[in-house]
Amino acid sequence: MQGATLIDLRSDTVTRPCAGMREAMAKAKVGDDVHGEDPTVNELERYLADLTGKEAAVLACSGTQSNLMALLSHCQRGHEYIVGQAAHTYLHEGGGAAVLGGIQPCPLLFNERGELDLAEVESNIKPDDSHFAISRLLCLENTQSGKVLSLDYMSRASKLAMQYGLRHHLDGARVFNAAVSQSIPVKEICQFFDSVSICLSKGLGAPMGSVLVGDAETIRAARRWRKMLGGGLRQAGIIAAAGLYALEHNVQRLEDDHRRCARLAAAISSSRGLEIAESPETNMLFLSERVDIDNLRTFFKSRDILVLGRRLVLHRDIDDRALDVVIDACQSYSGH
Ligand SMILES: *Cc1c(COP(=O)(O)O)cnc(C)c1O
């Protein structure tokens, strides 16, 4: 298979469906999901709604689409959402909320824990005055660049949002990494948010798909937006089957990725010419600004190891043997 020997650390999106997942996809019972008639999609949506402690769920093509469906459902034209400067919804989704929803972002800096400072959030909530856009939504991300938000922080953020009548969305693309690393059920995280977008296509290993969970009214609105955004799929049970397989088999194993990431971080720390920016919390680590990244990328490439920028991501398709190869490369590298 082309590229099968490459060790791809660019992202956890590069995982390929395993034989068991492909078999589940092939055998999936399907129907027309636009008519709500796909039993496997319905099962996935019910399963994730229950698991996250929410009333309802809707399958989307991607995390970008699922986040956009949430933003469009919570906010209208002339509303504002408070979000991180480096947040995926603000920085990496083509400005969709502004372009398609007329929703103005109010971007703030994440601190070193991946949090928005709540005093700063509060001071950016606009008073009811016709000069201002209407503050409507607070959007957080967990994990944020691999960092896990504490339950205490999320609880305080949620109270602040409620106090000002803001809706509260979580971009939980990797929320299962957070839950597994804290050894808590994912619903303990989701309880603080009106909606949560969850990716099946990252470390969980499905080829595509994200699910938005929330209250019934929000999800009904999101389903309407999904259709308008071109995300109403027909026999999507084939996708949902991969998602169900991923949720059944690939959640707890995320701790293997976290363990390997910590092992890689230790190896990097003891390698000449290499340095990590900070200790990893989940499946991502970042190299320090002092590392000559172009040089390293070329060196890694010569050993069939791929990296993207300063980020190295562990995932289902990097086993202990592949990790040994990466660690060996790190130890041979001397910053030349
Ligand atoms: C990957 C990702 C998404 C969604 O990305 P898609 O590629 O559109 O599925 C959203 N938020 C975060 C933090 C992500 O890492």
Side-chain angles (χ1 to χ4, degrees), residues 8-17 44 48 57-72 74 81 83-97 99-100 105 107 110 113-116 137-149 154 168-181 186 189-190 193 195-214 222 225-226 229-231 233 236 239-240 242-243 246 250 254 257-258 261 280-286 308-316:
D8 196 339
L9 301 174
R10 289 173 302 167
S11 176
D12 46 11
T13 56
V14 301
T15 50
R16 292 161 206 218
L44 172 68
L48 262 179
V58 56
L59 174 66
C61 300
S62 67
T64 298
Q65 186 174 66
S66 165
N67 277 325
L68 182 57
M69 284 153 51
L71 289 163
L72 291 168
H74 292 306
Y81 81 116
V83 62
Q85 282 274 0
H88 203 280
T89 57
Y90 173 65
L91 189 60
H92 296 285
E93 297 182 3
V99 175
L100 300 172
F110 283 125
R113 290 183 297 279
E115 302 166 347
L116 297 178
L137 176 72
L138 174 61
C139 181
L140 295 176
E141 196 171 293
N142 191 13
T143 61
Q144 202 287 310
S145 292
K147 291 171 199 165
V148 179
L149 299 181
M154 289 184 289
H168 198 192
H169 173 70
L170 180 69
D171 179 354
R174 297 184 180 83
V175 71
F176 281 105
N177 292 83
V180 164
S181 87
V186 74
I189 296 173
C190 297
F193 301 91
S195 56
V196 182
S197 170
I198 300 169
C199 286
L200 303 166
S201 56
K202 301 275 165 85
L204 296 182
M208 66 175 284
S210 287
V211 176
L212 182 69
V213 301
W225 282 117
R226 182 185 71 170
L229 295 170
L233 297 175
I239 308 302
N250 295 345
L254 291 171
D257 299 338
H258 302 171
C261 192
E281 295 180 22
T282 54
N283 67 327
M284 275 181 208
L285 71 80
F286 291 84
L308 185 69
R310 294 180 181 277
R311 192 178 82 160
L312 280 64
V313 186
L314 280 292
H315 54 75
R316 227 183 53 83

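Atoms within a ligand are numbered from 1 in the order they appear, just like the ligands themselves.
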For [X], atoms of ligand 1 separated by under 4.0 Å from a heavy atom:
{"X": "Ser62", "answer": "8 (O), 9 (O)"}
{"X": "Asn67", "answer": "10 (C)"}
{"X": "Lys202", "answer": "1 (C), 2 (C), 3 (C), 4 (C), 5 (O), 14 (C), 15 (O)"}
{"X": "Glu93", "answer": "10 (C)"}
{"X": "Gly63", "answer": "4 (C), 6 (P), 8 (O), 9 (O)"}

### Message
Checking the side chain of Gln65 only, and the main-chain atoms of Ala60 only, is there a donor and an acceptor separated by less than 3.5 Å?
### Response
no
#### Entry: Flag, side chain of Asn250 to backbone of Leu204, donor-acceptor distance under 3.5 Å
yes
#### Entry: Side-chain donor-acceptor contact under 3.5 Å, His169 with Asn67
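Their side chains do contain a donor-acceptor pair, which is all the 3.5 Å distance test asks for.
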### Task
Pick one of side chain, backbone, both or neither for how Ala173 approaches ligand 1, counting any non-hydrogen atom pair under 4.0 Å.
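It is the side chain that gets close, since no backbone atom is under 4.0 Å.
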### Query
Does some non-hydrogen atom of the protein lie less than 4.0 angstrom from atom 6 (P) of ligand 1?
yes
### Message
Below the 3.5 angstrom mark, is there an N/O of Thr64, backbone or side chain, next to an N/O of ligand 1?
### Response
yes
#### Entry: Residue and atom name of the nearest protein heavy atom (relative to atom 11 (N) of ligand 1), distance in Å to one decimal
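So the nearest neighbour among protein heavy atoms is Asp171 OD2, 2.6 Å.
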### Summary
Applying ring pair (Phe, Tyr, Trp, His ring centres under 6.0 Å) to Tyr90 and not counting sequence neighbours gives none
